[in-house]
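Read the structure below first, then the notes.
For this chain, numbers begin at 1 and follow the sequence in order.
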Amino acid sequence: MWHKWKEKFMCKFSKYIKYLQGIDRTIPMVNPKPSCRPTISYRPIQPSDLEILEQIHADLFPIRYEAEFFQNVVNGHDIVSWAAVDRSRPNGQSDELIGFVTARIVLAKESEIGDLLSYEPSKSDQTLIYILTLGVVESFRNLGIASALIREVIKYASSIPTCRGIYLHVISYNNAAIHLYKKMSFMCVRRLQGFYLINGQHYDSYLFVYYVNGGRSPCSPLELVTGTLNLMRNGLKSVFARLRKKEDRKVSKWGKCKETHCLISTTQSRRNLTTECTGYECV
Ligand SMILES: CC(C)(COP(=O)(O)OP(=O)(O)OC[C@H]1O[C@@H](n2cnc3c(N)ncnc32)[C@H](O)[C@@H]1OP(=O)(O)O)[C@@H](O)C(=O)NCCC(=O)NCCS
């Protein structure tokens with residue numbers, strides 16, 4: 001009798017341990033939080049996601065998005081999107097959005113970062129992907145879901161021959177997102193003063209870029225170092241030349257030397273918004 005009870009107990013105990021390890025999902029979940037190992041899969045956003053998509057946007061972002069935006073996302077009008085769902089969720093929730101990224105293809109020459117591309121004016125069909133919104137519901141954060149969504153965007157952008165990069169705006173206090181973009185090797189290229197106007201208060205934004213298909217900045221770090229060294233060398237040459245020609249009282253051209261482009265532009269393209277932000281920018 002004791003032996004049987006022990007066997008039963010051990011069976012239940014090992015089942016529970018398996019459940020905790022995420023191996024056995026036959027025990028019903030009482031906690032709505034994700035199990036330790038959710039089974040995340042990624043798919044395009046579809047019309048049936050409309051309600052939850054609107055709900056999550058309202059929960060996560062300080063700005064309101066227009067109904068037209070959501071319609072465009074779910075119907076794929078001018079917008080590409082990926083949804084993250086947890087296949088291990090019970091009660092018909094296994095296809096419910098727990099994360100998303102939405103993006104739009106824009107013409108490089110019409111974008112605000114055209115000057116940051118190794119741009120060939122002859123190729124006017126060059127494009128960029130602009131990330132509109134990205135979010136993961138709170139209970140599923142720090143599991144790498146946003147990173148995986150961004151990887152989907154990178155894969156997609158890289159598959160378009162005309163695409164030269166991905167860019168986005170992020171509000172300057174959003175440390176989690178800033179950390180994420182840096183981790184994913186996005187480059188912070190600009191700080192835009194007062195870019196967002198939220199509840200009457202202005203906030204700066206950072207502009208991040210990820211280059212694909214050789215669309216790198218005209219000034220790579222190596223070029224920046226080489227450029228600086230060349231500038232110094234030319235400067236010294238010119239100083240010596242100036243000293244040599246001093247008696248002739250000729251003015252050297254050194255004073256007119258200009259630095260070329262800079263990787264991280266310090267130009268602060270001011271985009272003060274006068275009304276509530278109704279654009280689709282990431283915050
Ligand atoms: C930003 C956001 C999308 C990240 O989603 P996520 O699925 O948790 O992201 P990941 O798990 O892929 O990566 C999160 C990283 O941020 C780090 N992180 C989390 N909170 C952080 C914080 N407050 N400060 C700095 N880093 C933070 C994590 O440690 C992790 O980095 P690691 O892998 O180096 O440890 C999510 O927090 C979110 O939805 N926020 C609200 C909406 C939003 O801000 N969207 C972005 C608009 S541009």
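Ring centroids of Y203 and Y173 are separated by less than 6.0 Å, placing the two rings close together. Ring centroid separation for the pair H169 and Y130 comes in under the 6.0 Å cut-off. Between F208 and F186, the gap from one ring centroid to the other reaches at least 6.0 Å.
At a cut-off of 3.5 Å, with distance as the only test, no side-chain donor of S81 or T102 sits close to an acceptor on the other residue. At a cut-off of 3.5 Å, with distance as the only test, no side-chain donor of Y211 or R216 sits close to an acceptor on the other residue.
Note on ring orientation: taking the six-membered ring where Trp is involved, the planes of H57 and F100 are parallel (angle under 30°, cut-offs 30° and 60°).
Of all heavy-atom pairs spanning S147 and K183, the tightest one is OG-NZ, 3.1 Å. Residues L117 and R164 come closest through the heavy atom pair CD2-CB, 4.1 Å. The minimum heavy-atom distance linking L149 with G135 is given by the pair CD1-O, 4.5 Å. Across all non-hydrogen atoms, the minimal contact from E96 to V85 is O-CG1, 3.5 Å. Smallest separation of non-hydrogen atoms from A108 and L128: CA-CD1, 3.9 Å. Here the closest heavy-atom approach between residue Y210 and residue S185 is recorded as CD1-O, 3.7 Å.
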Can you list the steps and then say if L207 with E112 is a side-chain contact (heavy atoms from CB on, under 4.5 Å)?
-> CA-CA 10 Å; L207 201 152; E112 62 187 295; 3.4 Å; yes
Run the side-chain contact (heavy atoms from CB on, under 4.5 Å) check on Q93 and I98 step by step: do they pass?
-> CA-CA 10 Å; Q93 290 179 303; I98 49 104; over 6 Å; no
Stepwise side-chain contact (heavy atoms from CB on, under 4.5 Å) check, Y65 with T133 | CA-CA 10 Å; Y65 291 87; T133 60; 3.5 Å; yes
Please report the C-alpha distance between F69 and I79 in whole Å, then the side-chain angles of each, then the deciding distance to 0.1 Å, and finally whether the side-chain contact (heavy atoms from CB on, under 4.5 Å) criterion is met.
-> CA-CA 9 Å; F69 167 68; I79 290 178; 4.0 Å; yes
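Counting heavy atoms from C-beta outward, V106 and Y167 have side chains that approach closer than 4.5 Å. A heavy-atom distance below 4.5 Å is found between the side chains of I166 and I154. Side-chain atoms of I129 and C163, non-hydrogen and from C-beta on, do get closer than 4.5 Å to each other. By the 4.5 Å heavy-atom criterion applied to side chains, L60 and E138 are not counted as neighbours. At least one side-chain heavy atom of F140 sits less than 4.5 Å from a side-chain heavy atom of L143. Using a 4.5 Å cut-off on side-chain heavy atoms (C-beta onward), N72 and E68 make contact.
Look at D125 and K109 and you find no salt bridge, because none of the NZ, NE, NH1 or NH2 atoms lies under 4.0 Å from a carboxylate O. Using a cutoff of 4.0 Å between basic side-chain nitrogens and carboxylate oxygens, R37 and D86 are not scored as salt-bridged. At a threshold of 4.0 Å, the pair R89-D95 does not count as salt-bridged, since none of the basic side-chain nitrogens sits closer than that to a carboxylate oxygen.
Distance CD1/I131 to CD1/I150: 5.5 Å, rounded to 0.5 Å. With rounding to the nearest 0.5 angstrom, the CD1 atom of I160 is 8.5 Å from the CG atom of N213. Here N142 contributes atom CG and L180 contributes atom CG; the two are 10.0 Å apart, rounded to the nearest 0.5 Å. Atom CD1 of I63 and atom CD1 of I198 lie 6.0 Å apart (nearest 0.5 Å). Once rounded to the nearest 0.5 Å, the distance linking OG1 of T39 with CZ of R87 reads 9.5 Å. Distance CG/N175 to NZ/K182: 9.0 Å, rounded to 0.5 Å.
The number of heavy-atom neighbours closer than 6.0 Å to CZ of F70, taken from other residues, nucleotides and ligands shown, is above 12.
Between the side chain of D204 and the backbone N or O of S172 there is no donor-acceptor pair closer than 3.5 Å.
Partners of R151 according to the side chain to side chain donor-acceptor pair (under 3.5 Å) rule, which considers only residues two or more places apart in sequence or in another chain, do not exist here. Listed by chain and number, the residues in a side chain to side chain donor-acceptor pair (under 3.5 Å) with N174 amount to none (sequence neighbours excluded).
Cluster annotation: Y196 and Y206 are assigned to the same hydrophobic cluster (Ile/Leu/Val/Met/Phe/Trp/Tyr, side-chain heavy-atom contacts under 4.5 Å, transitive).
Tested against L97 for a side chain to side chain contact (heavy atoms under 4.5 Å, CB included), the candidates V136, D49, V137 yield a single pass: D49.
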